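Inspection log for the structure reproduced underneath, given as structure tokens.
This is a predicted model, so every value here is computed, not measured. Every chain is numbered from 1 and lettered A, B, ... according to where its sequence line falls, protein lines coming before strand lines.
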Amino acid sequence: MRRFITVAVLLLGVLGRTVAAEDAPVCPVAKAVSEYAEFGRIAVLDQGRVKPLDTYARSLLLQFSGRSTFDGEPAVTWLARVLFDPGRASSYQVFLINNPQIPESLGIEVAENRRYSFTQLEKRYQDLQRLATAAAGIDPKDRDIVETELIRIHENVRLYSNLAVSFAFALPHPDFAVASPSLREQLELPAGGEVFSYIRIALKADVLQRLAQPLERLEQSRWSAEQQEVVRLGSNLLRWSMLYRELPVKIMPSYRDADEGWLSPMDAMSTGLRFAAGRQELRLLEKMLLTYWAGRDLEFSLVAKGFTESARQRAMTVYGRELKNFPLELTYNRLSPFLWAKILYFLTFLIFAAGLMLPRAEWLRRVGWGVLLLGGGLHLAGVAMRIAILHRPPVSNLYETFLFVGLIGVAAGMVIERATRNWLGIAVAAICGYVFLSIAAKFGAEGDTLQMLVAVLNSNFWLATHVTTITVGYAGTCVAGVVGHVYILQLIFRPQDKQLLQTTHKVLLGALGFGLTFAFLGTNLGGIWADQSWGRFWGWDPKENGALMIILWTAILFHAKIGKLIGPLGLAVGSILGIIVVMWAWFGVNLLSVGLHSYGFTSGLATNLLVYVLAQLLFLTVTYPLAKKRMNA
Amino acid sequence: MTSRYLKLKKSAPVRWVASVRIAVACLVWLFVLTFWGTVAQVSDGLYQAQEKFFHSWYFLQWGFLPLPGAQLTLWILFVNLAANAVFRFVYRWANVGILIIHLGLLSYFVGAFVTLHGVEESNLTLREGETANVAQAYHDWELAVWSPSDGDALEVTAFDVAGLKSGEVVTLTDPPLEFGVRLFFANAQAYTRGKPPQPNLLNVSGINDLSRLPLDSAPERNFPGGIFTVRLPDGSRHDVLLYGQESQPTPLAAGGKGYLLQIRRKRYELPITVTLKKFEMKKHPGTEIARSYRSYVQIEHQGIQRDAEIYMNHPYRFKDYTFYQASYAVDQRGEFRSTLAVVRNRGRLLPYISSLVTFAGLAVHFLVMAFRRRSR
């Protein structure tokens, strides 16, 4: 944090007053550029993955503000401002604080849009740090929402302060002021200014060293003003290299061949300047900053491209596969396939609703089918792109389970529609697609969803088999639940249409059987995986138990039907309750925070889960007596 | 035979035992137990919840209400399923899928039974360069007795201490010792001071009393202790206090023959010797997320040595033993210690077979249903 206060804020005042650079005169106010496509293509290593700066910017902005754009502009534009013009960017209100208690406790006026600027938070940083440190000392299970949020905000502010100094090496700073004209000449610094950047001086470190050598034999009191400047510059170089370490924005592949780790520009200042490639790349980054300030679009893009090519060439041997996927990932980012698919599913549902008013309009059903196909196509394309980008099966984190279950639900709906041609499948598909993509969007709002995996999950074979099949099982059971709703509503509103009810009942049985088969297969494959990696087929882990509960629940329904303990209505009610069982297995057990599968879960979803369960119980309380009456009539 | 079978088939008790209602009741109760046993893990921990709900025949709720545990429920389901197969099931081609499914389920029961009674779970923690042929249990304890000896090989006799009760007597034949249990706690606290010393109570660590602690939800945090009256071959009796956290065994001597006694985590002798040659841990670059960890080991069996690698999702198997990469630790000097989980499971392949058979049954049933629908 101190870094930021000592450097980034100061340097902007300096820029306004005295500016000097080799070839690009910097204006007192950054003009900024308007074209960021090349900049967005720069590769960055973040969370173990090499990704385009465009993705990095999106996930950072999502992490800070819960949105992927700022002020109507893409995240990459915002990131460029934070990196190149931190003084101005620090007044942008990007820090999302959900709970008003936090700004109140920090003495900051509560903002209606719940977003605050770095400048606001920086002023109260000491209080924030004190509160967050206290909260971090509390057992995570005992923390309340405010305490959890305090920790998150504190981490975000710290990360932001580090981001804001990532390009400080290229901005003039008083630490590198050279008053003596003769020293400026010896250091071959450009004329026209007295204040220089870290990189300008660091590139002349050898000259400084040579000038400092005679001073070892000379008493300090006899040093000339120029010699004192030499020592000051040298010690500031050392101080900066110690102070600015381990910074984010790791865009420079390591200069040692075997090293997989990447460096931020500030880290590269310490280790990369020894290498020709390092010097060239740092100068390109400096030039990028200068052209940004000068507002020279074309030059900015060309420099960014030059940097990308240089870094890419060096990273190709280790990260060739990831780098080749960049165009695809950028398309994925631009396309937002899941957002559009969600909209199309909603549209499909509206068409279905219109179809209820016009039951004989076959053309309308065809339109609905067409829109559904389009939505499903985009949804499938999105999932396929993710598979291609990460070289991994479709499901490897909780976010992806929602995408995938939604997709299977849509596919199942399409199969049902092909078989029944009576809107049932269209309705099922639209509901499954819309609901699951909405939940996914909520999860996706936490940062980059294209994540790396922990060691035990790092197995494409088991991810492809166990995880995929169990999620297909979830999907099947959810589809059965949706069909169960439809059956009850049909029973209430169209009790005389026996043919329709019979068809829906058969579809329900098929969906339940499909769900049971895949839940069973997925659970067993999970057991085999567990036996392969932990040495036991079954360990009563909450996630395993959840899967077992789905199997038991569907088995109960089938056996109760065979034993004539329940009829078609009972089966419909059972399959609606089956969704609750699936929700429990899928993410409810994660609430318990025990066991081997307890990955990401937010408290907000716990409330949503409860609301869902209550809504279902209410639905059944209202509809069941009515349906029962119609059934007996 | 046939008439008796038909008579049985029609008899009310047999029809009841083989009824679908029993199956539904068992499935519902298993569903409840599974949910309950999952939620209970939050407060009681996995081990205790597993013992109470899943491994038990019955358990007492609120201290007085006996409820069936999963083991009893599964036995009832097993009998119901078997009775159904013999007396009620209609054997015809259309039902072949259902038949296969339930055959697979029956084999699950067999697998569960074998696993419940035939699995030894232990672990082996090694530094780089270290060798071992004995693995240590996670939370099973034994009372071990051996004689001090100059040689390398030790003859150790041991018995399980789980479930020992006051007043119980355990007699060993070699060495001929008798252990009378004066008191025993599955989880105990030891005292060295504060209580008046008990005369003639032997203990190497200076412990003079024990008190009972409630069982911890993490079973590895339970340390048993007890006071035993040991009768030596010469007929002399000695009171010995032993506690699970002691690092030294308590010596006993009579008639020129000495014995060492210790309560320790149960040891399992392995059929092979394992040497950790190197341990390697990789992280995703620039993060603390582990990408892989891997033990390079040398296995020796009857003088033949071979190298092997053990890492996540890639265990080493030897007969019915399997060695898994479980965890690792780094000490202050930066040296790695790798922990390998050792599982001996004689019925390891049974769940694989059951899964295959049951899934085949589900698939066949699906195909049969689809075929019938089409032919209609």
Could you go through Y108(B) and F537(A), starting from their C-alpha distance and side-chain angles, then the distance that decides it, and tell me whether this counts as side chain to side chain contact (heavy atoms under 4.5 Å, CB included)? CA-CA 11 Å; Y108(B) 268 109; F537(A) 182 82; 4.3 Å; yes
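- Between W553(A) and F31(B), the ring-plane angle classifies as tilted under the 30° and 60° cut-offs.
- Applying the 6.0 Å contact sphere to CH2 of W57(B) captures more than 12 heavy atoms from other residues, nucleotides or ligands.
- With a threshold of 4.5 angstrom between heavy atoms, Y319(A) approaches chain B through side-chain atoms but not through N, CA, C or O.
- Between T38(B) atom OG1 and E544(A) atom CD the span is 10.0 Å, to the nearest 0.5 Å.
- Around the NZ atom of K52(B), the shell of radius 6.0 Å holds more than 12 heavy atoms that belong to other residues, nucleotides or ligands.
- Summarising the geometry of T34(B) relative to M549(A), their closest heavy-atom pair is CG2-CG, 3.7 Å, with the distance given to 0.1 Å.
- For chain A, the option among T115(B), V342(B), V20(B), N345(B) with the highest count of heavy-atom pairs below 4.5 Å is V20(B).
- With rounding to the nearest 0.5 angstrom, the CG atom of L548(A) is 7.5 Å from the CG atom of L30(B).
- Put simply, the side chain of Q50(B) never gets that close to the backbone of D541(A): no donor and acceptor are under 3.5 Å apart.
- Using a 4.5 Å cut-off between heavy atoms, T358(B) contacts chain A through both its backbone and its side chain.
- Atom CD1 of I556(A) is separated from atom SG of C26(B) by 10.5 Å, given to the nearest 0.5 angstrom.
- Around CZ of R21(B), the count of heavy atoms belonging to other residues, nucleotides or ligands within 6.0 Å does not exceed 12.
- Taking the side chain as every heavy atom from C-beta outward, F54(B) and N545(A) approach each other to under 4.5 Å.
- Residue W262(A): no heavy atom, backbone or side chain, is found under 4.5 Å from chain B.
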Steps toward side chain to side chain donor-acceptor pair (under 3.5 Å) verdict (D531(A), Y352(B)): CA-CA 10 Å; D531(A) 184 66; Y352(B) 287 64; 2.7 Å; yes
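- For the atom pair L27(B) CG and I551(A) CD1, the distance stands at 11.5 Å (nearest 0.5 Å).
- Here the closest heavy-atom approach between residue S355(B) and residue N524(A) is recorded as OG-OD1, 2.8 Å.
- With ring centers used as reference points, W540(A) lies 6.0 Å or more from F53(B).
- Using a 4.5 Å cut-off between heavy atoms, V581(A) touches chain B through its side chain atoms alone.
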